[in-house]
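One-based numbering, in listed order, for ligands and for the atoms of each.
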Amino acid sequence: MNIHTLDKYAKSLIKEAAERIRFSFSSELIIDSKSEANDLVTNIDKETEQFFIQHIKENFPDHRIFGEEGFGDDIQDLNGYVWLLDPIDGTMNFIHQKKNFAISLGIYKDGVGLLGYIYNVMEDDLLSAALDEGAFFNDVRVPKLVPSKIEQSVIGVNASWVVPNKYLEHDGMIKLMQTVRGTRSYGSAAIEISYVVMGKLDAYMSMRLSPWDIAGGMVIAKEVGAVVTNLSNESINLLEQNTFIIAKPILHKELLDNYICLK
Ligand code: 2AM
Ligand code: CA
């Protein structure tokens with residue numbers, strides 16, 4: 001399998017899927033909740049995943065798909081080619097704002113990330129990378145990240161992780177809020193990862209992300225030297241939910257050593 005052929009095909013599928021999502025605004029959305037009342041899914045999340053699966057299976061019958069909405073394969077390992085897909089990352093934004101959501105896709109072979117994509121649907125912005133070939137924002141190369149001091153850093157974090165919660169010692173989080181230059185929350189993990197890759201944020205963290213939220217971003221992050229781990233400073237397991245941090249080097253260590261403490 002030629003990686004550039006696969007890359008070209010994946011990009012064309014993403015653009016076509018996005019066109020369908022934008023077109024969907026002309027008809028009424030059907031909104032359901034999943035595990036929790038604020039964990040939302042729409043008919044468009046489902047239709048978009050089915051669109052990808054149908055085309056991938058037609059063109060690459062031996063590739064498997066690990067998708068959020070569950071129409072793909074029952075994935076228990078990452079052997080062979082696996083497409084990790086979130087058809088709409090930031091569903092709440094999709095519903096409430098009609099912006100700030102992304103298609104997130106990673107293509108892995110035997111557990112190694114080959115291709116990664118984060119496509120901001122309403123901005124028509126594609127961040128992509130191929131293993132060892134660098135990251136590109138709309139086909140312009142993204143420079144490697146340079147370290148920043150914590151006092152001059154802007155961190156992506158959701159307020160849920162700052163107020164007392166069952167995962168984190170919030171004293172450390174309060175100290176963090178008092179130390180950094182600022183915080184931002186965009187409501188789409190993939191978009192927040194893309195901002196770290198492009199140097200618009202210095203770090204982003206979350207308590208609970210799924211493989212499809214981060215698989216594409218991890219391929220891209222590697223190409224610019226961003227550090228990605230769980231909040232126990234271990235490698236991410238792409239078969240289960242993880243705590244998550246992506247940060248510039250040095251800052252990553254400082255955040256985990258001095259501010260972020262799991263209960
Ligand atoms: P989603 O929109 O695809 O569900 C929201 O802060 C970010 O966290 C989104 O990227 C959202 O992805 C992700 N997320 C992952 N698991 C979640 C969960 N169980 N509940 C809410 N958001 C979740
Ligand atoms: Ca989703």
Tell me, with the steps shown, if D171 and K175 meet salt bridge (charged side-chain N to carboxylate O under 4.0 Å, His left out). CA-CA 6 Å; D171 291 352; K175 190 169 89 170; over 6 Å; no
Decide whether [X] and [Y] meet the rule of one side-chain donor and one side-chain acceptor closer than 3.5 Å.
X: N242; Y: E240; result: no
X: N100; Y: S188; result: no
X: Y81; Y: D110; result: no
X: S104; Y: D89; result: no

Looking at side-chain heavy atoms only, is the closest gap between T229 and F244 below 4.5 Å?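 Of all side-chain heavy-atom pairs linking F244 with T229, none is under 4.5 Å.
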Residues K248, E254; criterion salt bridge (charged side-chain N to carboxylate O under 4.0 Å, His left out); working and verdict: CA-CA 10 Å; K248 290 178 168 173; E254 185 163 10; over 6 Å; no
Transitive ILVMFWY cluster of M173 at side-chain heavy atoms under 4.5 Å: who else is in it?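 ILVMFWY cluster around M173 also holds I150, I155, V157, W161, V162, Y167, L168, L176, M177, V180, M205, M207, L231, I245, L251, L255, L256, Y259, I260, L262.
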One pair per line, please: each N/O atom of ligand 1 matched with every protein N/O atom under 3.5 Å away, atom names first, then the distance to 0.1 Å.
unit_1: ligand 1; atom_1: 2 (O); unit_2: G90; atom_2: N; d: 2.7
unit_1: ligand 1; atom_1: 2 (O); unit_2: T91; atom_2: N; d: 3.0
unit_1: ligand 1; atom_1: 3 (O); unit_2: E68; atom_2: OE1; d: 3.1
unit_1: ligand 1; atom_1: 3 (O); unit_2: D86; atom_2: OD2; d: 2.8
unit_1: ligand 1; atom_1: 3 (O); unit_2: I88; atom_2: O; d: 3.4
unit_1: ligand 1; atom_1: 3 (O); unit_2: D89; atom_2: OD1; d: 3.4
unit_1: ligand 1; atom_1: 10 (O); unit_2: D89; atom_2: OD1; d: 2.9
unit_1: ligand 1; atom_1: 10 (O); unit_2: D89; atom_2: OD2; d: 3.1
unit_1: ligand 1; atom_1: 10 (O); unit_2: A189; atom_2: N; d: 2.8
unit_1: ligand 1; atom_1: 12 (O); unit_2: D89; atom_2: OD1; d: 3.2
unit_1: ligand 1; atom_1: 20 (N); unit_2: R208; atom_2: NH2; d: 3.4

Among all residues two or more places apart in sequence or in another chain, which pass the salt bridge (charged side-chain N to carboxylate O under 4.0 Å, His left out) test with K109?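 Salt bridge (charged side-chain N to carboxylate O under 4.0 Å, His left out) list for K109, sorted by chain: empty.
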Count of N, O or S atoms belonging to protein, less than 3.0 Å from the Ca ion (ligand 2):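 Atoms of protein N, O or S type lying less than 3.0 Å from the Ca ion (ligand 2) total 4.
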